[in-house]
Amino acid sequence: MAITKTNKQIQSVINDIKAFEKQVGSLEDPDIEIQKDVPSAGTSTLKIKITY
């Protein structure tokens, strides 16, 4: 159940990024910064920063 919810949230973020790209135009190449934190125990995080 949690995986399905997470997948829907990820797909929603992808859709938001696509919509934003249409607004700003695809002439610019974005800078993409990805930070991952995957501890052996606890909560894993993934941060994505996209700058146009």
Is it true that I34 and F20 fall in one hydrophobic cluster, defined by side-chain heavy atoms closer than 4.5 Å?
yes
Drop me the distance from K49's NZ to K47's NZ, to the nearest 0.5 angstrom.
11.5 Å
Walk me through whether Q35 and E33 qualify under side-chain hydrogen bond (donor to acceptor under 3.5 Å, both in side chains).
CA-CA 7 Å; Q35 296 176 343; E33 179 182 330; 3.2 Å; yes
Is there a chain of hydrophobic side chains (I, L, V, M, F, W, Y, each step under 4.5 Å between heavy atoms) that links I32 to V13?
yes
So D16 and K18, do their side chains get closer than 4.5 Å, heavy atoms only?
no
L46 with I17, same ILVMFWY side-chain cluster at under 4.5 Å
yes
Before giving the answer on side-chain hydrogen bond (donor to acceptor under 3.5 Å, both in side chains), spell out for N15 and Q11 the whole-Å C-alpha distance, their side-chain angles and the decisive distance to 0.1 Å.
CA-CA 6 Å; N15 291 341; Q11 188 59 53; 3.1 Å; yes
Hey, are the side chains of D31 and I50 touching, using non-hydrogen atoms and a 4.5 Å cut-off?
no
Distance (rounded to the nearest 0.5 Å) between Q9 CD and I14 CD1:
12.0 Å
